[in-house]
Undergrad: 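Supplied in structure tokens, the structure appears directly below.
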Protein chains: 2
Amino acid sequence: MTLSEEDYIKTIYHLSSGQEESISTNAIADQMATKPSSVTDMVKKLSEKNMVNYKKYKGVSLTEKGRLTALSIVRKHRLWEVFLVDKLDFAWDEVHEVAEQLEHIKSDKLIDKLDTYLGNPRVNPHGDPIPSKEGVFKKSVKKLISELPVGSKGVCVGVNDSSVAFLKFLDKNKISLGDSLRIIEREDFDGSVSIVINDREMRISDQIASNLFLEILENK
Amino acid sequence: MTLSEEDYIKTIYHLSSGQEESISTNAIADQMATKPSSVTDMVKKLSEKNMVNYKKYKGVSLTEKGRLTALSIVRKHRLWEVFLVDKLDFAWDEVHEVAEQLEHIKSDKLIDKLDTYLGNPRVNPHGDPIPSKEGVFKKSVKKLISELPVGSKGVCVGVNDSSVAFLKFLDKNKISLGDSLRIIEREDFDGSVSIVINDREMRISDQIASNLFLEILENK
DNA sequence: AATTTAATTTAGACAAAACTAAATATTTGT
DNA sequence: ACAAATATTTAGTTTTGTCTAAATTAAATT
């Protein structure tokens, strides 16, 4: 697989959100900042290699082989993201560009050892799941803390209400996007929730819980 | 700089061993497993970019700009080698291939943070010096332990006598190539030497000391 | 110093991956 | 259902880095 082929496979995977959807050449071209005619050329090549299903004018979808290839790239990308944030102290929103390069490094041994070194993480700093070597992984969903049952754990990935007041509250309480969070207890009376965030326990009101999105792994 | 350009710069640097020697296109072609005519093409391009001095039929040498570029690549290569051995537990002789890929990752921030994370190492697992960000570094030399003064420290990089008996001795005493070693004291009477290797102190005879090569940094 | 040999460069071609412009399908609106 | 608009593909170029074969220069030998 060339670098360029890998980029196409990854883009097709993301555009079809892991499903078997057929993706248009134009959608791929937009996403990759290239031209539709270039996409047609590459897609033919990938079809020759049995990485994608392609019928003229009918769009593209990944074959099983293509899907596994995509998952291996996603695995590498997300493991490197964990490395950059946990070990090298990058901020969670500055890792993408570098991980984009690192994901193309070819060495199974390297990825195995990196995985072990990082403690076999299940999610990247954004809360997205990391596929296993065999391409197995849990889907993740994004939900408000107020919608989740006691015991859930996940990563803060967004806010509903981005008012200055709310963001200030988060800042004051040292809650950042990318932080890991677990729900310990919920008070039925007022909907307030007790959480552990960065090994620190605190209680947040229902208003807060209804404005903070968590990315969690589905337990299927 | 493209990947290919970087490989040429690095090869020219290594063939001229950091000096201003003029290197023949054939030598470069041999080293890179490519054809002399390809080298001529690339060398012209690098000359346009002021990375090398090139006169037809007269060979190639790096300009100052080219030398600094080469040192930056060498720095990245050797820092990644330290990472692979110290953190990921690779053996010292299996890191080259992977480091060869990692050295092309483009991110100054990444390398700065990696350097810090590794504790600003001065040498790679082979005992080769790591240039600073500014391209400054000490030369290294390879000498027998018996030739070095008390106080010297370096990395074991080779043996003079590779007889089975000697290698068995090294194995039994847990001395491996790549190990760090410091000379504590020398007994004038028999030439035996007291050393610290992997935080363990031991005494070796003159025969041993005259058969084990150390790579040390020159203190100029 | 002339000739042979070896090294190096030039010229022309190729493959990968991209692009532009033109041609062809498909979808949409009436 | 048909014309117009949009999406997709084809054909023909371009760039980068490589190659082979031929031409040229430099080095070695006699």
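Below, chains carry the letters A, B, ... as their sequence lines are ordered, and counting in each starts from 1. In this text, all values refer to a predicted model and were calculated from it rather than measured experimentally.
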Undergrad: Going by heavy atoms closer than 4.0 Å, what residues in residues 7-17 of chain B are next to DNA chain C?
TA: none
Undergrad: Measure from OH on A/Tyr57 to C1' on D/dA7 and round the result to the nearest Å.
TA: 9 Å
Undergrad: Atom NZ of A/Lys56 and atom C1' of C/dA23: how far apart are they, to the nearest Å?
TA: 12 Å
Undergrad: I'd like to know if the side chain of B/Ser163 reaches the main chain of B/Phe166, judged simply by a donor and an acceptor atom lying under 3.5 Å from each other, with no hydrogens or angles considered.
TA: yes
Undergrad: Can you see if the side chain of A/Ser38 gets near the phosphate of C/dA18 - specifically, an N or O under 4.0 Å from OP1 or OP2?
TA: no
Undergrad: Report yes if at least one side-chain N or O of A/Thr2 is closer than 4.0 Å to OP1 or OP2 of C/dA16; otherwise report no.
TA: no
Undergrad: Quick one: is the NZ or CZ of A/Lys87 closer than 6.0 Å to the six-membered ring centre of B/Phe83, and within 45° of its axis?
TA: no
Undergrad: Map A/Ser4 and B/Pro36 onto DNA chain C by nearest heavy atom, then report which one ends up closer to the 5' terminus.
TA: B/Pro36
Undergrad: So which nucleotide from C/dT20, C/dA18, C/dT9 ends up closest to the side chain of B/Thr25?
TA: C/dT9
Undergrad: Give the rounded distance in Å between these two atoms: CG of B/Asn26 and P of C/dT9.
TA: 9 Å
Undergrad: So does A/Thr34 get a side-chain nitrogen or oxygen closer than 4.0 Å to the phosphate oxygens (OP1/OP2) of C/dC19?
TA: yes
Undergrad: Before giving the answer on side-chain contact (heavy atoms from CB on, under 4.5 Å), spell out for A/Ile145 and A/Ile204 the whole-Å C-alpha distance, their side-chain angles and the decisive distance to 0.1 Å.
TA: CA-CA 10 Å; A/Ile145 293 180; A/Ile204 59 177; 4.1 Å; yes
Undergrad: Could you state the atom-to-atom distance from CE of B/Met32 to P of D/dT18 in whole Å?
TA: 7 Å
Undergrad: Could you tell me the separation between the CG atom of A/Asp41 and the P atom of C/dT20, rounded to a whole number of Å?
TA: 13 Å
Undergrad: Taking donor-acceptor contacts at under 3.5 Å, does the side chain of A/Ser37 reach the base of D/dT8?
TA: no
Undergrad: For B/Glu5 and D/dT18, give me the distance from atom CD to atom C1', rounded to whole Å.
TA: 14 Å
Undergrad: Report yes if some heavy atom in the side chain of A/Glu100 is under 4.5 Å from a heavy atom in the side chain of A/Glu97; otherwise report no.
TA: no
Undergrad: Rounded to whole angstroms, how far apart are NZ on B/Lys44 and P on C/dT8?
TA: 14 Å
Undergrad: Taking B/Leu84's backbone N and O only, do any of them form a donor-acceptor pair with A/Lys113's side chain (distance below 3.5 Å, no angle check)?
TA: no
Undergrad: In terms of ring plane angle, is the pair A/Trp80 and B/Trp80 parallel, tilted or perpendicular, where the classes change at 30° and 60°?
TA: perpendicular
Undergrad: Given D/dT8, is OP1 or OP2 found less than 4.0 Å from the side-chain N or O atoms of A/Tyr54?
TA: no
Undergrad: Between A/Lys58 and D/dA7, is there a contact of a side-chain N or O with OP1 or OP2 at under 4.0 Å?
TA: no
Undergrad: For B/Asp30 and C/dA7, what is the distance between atoms CG and P respectively, to the nearest whole Å?
TA: 9 Å
Undergrad: Is there a donor-acceptor pair under 3.5 Å between the side chain of B/Gln101 and the backbone N or O of A/Lys106?
TA: yes
